[in-house]
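Heads up: numbering here begins at 1 and tracks the sequence.
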Amino acid sequence: MWIRLRQIAVTTADLAQTSADIQCVLGVEPCFTDPGVGIFGLKNVLWPVGTQFLECVTPIQDNTAAGRYQQRRGGDTGYMVITQVSDVAARRAHVDEMGIRIAFEMNFPEEGHVGMQLHPADTGGAFFEMDQMTGPAGDAVGGPWTPAGKYWEPYVNTAKVTSIAAAELQSPDPGRLAERWSQIAQIDLGTDADGHPTIQLDNATLRFVPEADGRGEGLGGIDVTTIDREAVLAAARSRDCYVNDSQVALAGLRVNLVDAG
């Protein structure tokens, strides 16, 4: 069974400003606003990053899960790690056996989309979502992705960045969190050059690091494969998002710039 990183979701208090930061710094173009997230009291925007996606949600009513999560983490923050899988039914049987609750179930056969959001209290770290595209070419790398609508391909702009290479989950006990996600993903743990536990998905890495920013456990960062680092950094300086020559800050995430190749 394969599993790919397909989308990263963040939550923000100011969708307009955060969207402008993301678009300016990463050079990506918005492709979709999903009216379906309104049932959660949210509004969103998605941007393709190659064949993956960055999503930003913002609360449009009081007492939403995303709003409460922002309060707990002290502002804009990483929110969801969303994967595409080959067999969601088998994944569901596995998490049921582990006793993991389903926070939200997606069953849209007419759209070729089934999936599940795992309850973050049972996974730790962040929402861990697994989706399967059941329509034509659903298994193809870079194939259909219902959460981004039907017409996202014309909006792909890879002049600055081409993919999301890693998601970085932070915890006071990263080893424990990594073991839990390893069990859920059914992938053995590895270790990166810095000694951090890792899970290697088909197209990206999940990295587990110590929490060092006072914000607690959560999705703290991503790596993006970078084609034009200088353009990214110049735009980051103009938007007050510059951290250093290898990192920018967007939507409460550490965005690490990883050179292509």
Side-chain angles (χ1 to χ4, degrees), residues 3 5-13 18 40 42 44 52-59 63-83 91 94-95 98-104 115-131 164-201 204-224 243 247-256:
I3 177 170
L5 179 63
R6 199 70 198 268
Q7 184 170 315
I8 291 290
V10 299
T11 179
T12 182
T18 301
F40 303 110
L42 303 174
N44 79 341
Q52 298 161 299
F53 298 87
L54 182 58
E55 176 190 14
C56 190
V57 303
T58 194
N63 198 32
T64 64
R68 293 192 299 271
Y69 192 66
Q70 283 181 51
Q71 291 177 345
R72 287 198 298 274
R73 297 211 76 230
D76 295 358
T77 177
Y79 192 41
M80 295 184 177
V81 175
I82 302 172
T83 62
R91 301 279 181 178
H94 177 67
V95 299
M98 291 182 67
I100 294 173
R101 291 168 289 172
I102 307 301
F104 183 69
M116 57 185 179
Q117 290 177 357
L118 307 184
H119 200 296
D122 295 344
T123 64
F127 276 96
F128 190 175
E129 180 172 324
M130 298 181 181
D131 291 23
I164 302 171
E168 185 172 274
L169 293 127
Q170 63 184 48
S171 171
D173 188 348
R176 174 198 55 79
L177 182 61
E179 286 284 356
R180 184 64 167 170
W181 281 55
S182 170
Q183 293 168 2
I184 295 167
Q186 299 172 269
I187 298 174
D188 291 340
L189 285 175
T191 306
D192 70 8
D194 296 315
H196 300 128
T198 59
I199 296 172
Q200 187 59 52
L201 307 183
T205 303
L206 305 181
R207 181 171 62 247
F208 300 84
V209 302
E211 182 269 326
D213 58 9
R215 303 191 70 190
E217 189 168 279
L219 173 58
I222 59 174
D223 296 359
V224 294
V243 177
Q247 187 181 98
V248 299
L250 293 169
L253 288 176
R254 299 179 294 271
V255 179
N256 304 301

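- Taking CG of N256 as the start and CG of D223 as the end, the distance is 4.5 Å to the nearest 0.5 Å.
- The aromatic ring centres of F40 and F104 sit less than 6.0 Å apart.
- Between H119 and I102 the shortest side-chain heavy-atom distance does not fall below 4.5 Å.
- When side chains are defined from C-beta on, Q7 does not count as touching M80, because their heavy atoms never get closer than 4.5 Å.
- Counting only heavy atoms from C-beta outward, the side chains of Y79 and L219 never approach each other to under 4.5 Å.
- A side-chain donor-acceptor contact under 3.5 Å links T11 and Q70.
- Side-chain contact between T123 and I184: present, with at least one pair of heavy atoms (C-beta onward) separated by less than 4.5 Å.
- In plain terms, the two heavy atoms of A251 and V10 that are nearest each other are CB-CG2, 3.6 Å.
- Note: T83 OG1 to F128 CZ = 5.0 Å, rounded to the nearest 0.5 Å.
- Put simply, the side chain of R73 gets close to the backbone of G216: a donor and an acceptor are under 3.5 Å apart.
- The side-chain heavy atoms of H94 and Q186, taken from C-beta on, include a pair separated by under 4.5 Å.
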Could you check E179 against L189 for side-chain contact (heavy atoms from CB on, under 4.5 Å), going step by step and ending with a plain yes or no?
-> CA-CA 7 Å; E179 286 284 356; L189 285 175; 3.7 Å; yes
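- In this structure, Q170 and R254 have side chains that are in contact, with non-hydrogen atoms separated by less than 4.5 Å.
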Hey, mind stepping through R72 and T77 against side-chain contact (heavy atoms from CB on, under 4.5 Å) and telling me if it holds?
-> CA-CA 10 Å; R72 287 198 298 274; T77 177; over 6 Å; no
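- Contact record, I100 with R180: CG1-NH2, 3.5 Å, taken as the closest heavy-atom pair.
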Go through the steps for L5 and I164 under the test side-chain contact (heavy atoms from CB on, under 4.5 Å), then give the verdict.
-> CA-CA 8 Å; L5 179 63; I164 302 171; 3.8 Å; yes
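- To the nearest 0.5 Å, the span separating CZ on R68 from CG on N63 amounts to 4.5 Å.
- Ionic pairing of R207 and D194 is not present here: no N-O contact between side-chain nitrogen and carboxylate oxygen is shorter than 4.0 angstrom.
- Note that CH2 of W181 and CG of L118 are 8.5 Å apart. Values are rounded to the nearest 0.5 Å.
- The CG atom of L253 lies 9.5 Å from the CG atom of D76; values are rounded to the nearest 0.5 Å.
- A distance of 9.0 Å separates CD of E217 from CD of E211, quoted to the nearest 0.5 Å.
- Shortest non-hydrogen contact noted between P197 and P174 is CG-O, 4.5 Å.
- Between the T64 side chain and the P59 main chain, no donor and acceptor come within less than 3.5 Å of each other.
- Across every non-hydrogen atom of A66 and V57, the tightest pair is CB-CG2, 4.4 Å.
- Residues T12 and T58 approach most closely at O-OG1, 2.7 Å, considering heavy atoms.
- When all heavy atoms of Q200 and T205 are compared, the closest pair comes out as OE1-OG1, 2.8 Å.
- In this structure the side chain of L206 reaches within 4.5 angstrom of the side chain of L201, judged on heavy atoms.
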Verdict with supporting geometry, E168 and I222, side-chain contact (heavy atoms from CB on, under 4.5 Å) = CA-CA 6 Å; E168 185 172 274; I222 59 174; over 6 Å; no
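- Using a 4.5 Å heavy-atom cutoff, the side chains of S171 and R176 are in contact.
- Without hydrogens or angle criteria, R91 side chain to A185 main chain gives a donor-acceptor distance under 3.5 Å.
- Under the 3.5 Å distance criterion, with hydrogens and angles disregarded, no donor-acceptor pair is assigned to the side chains of Q117 and R101.
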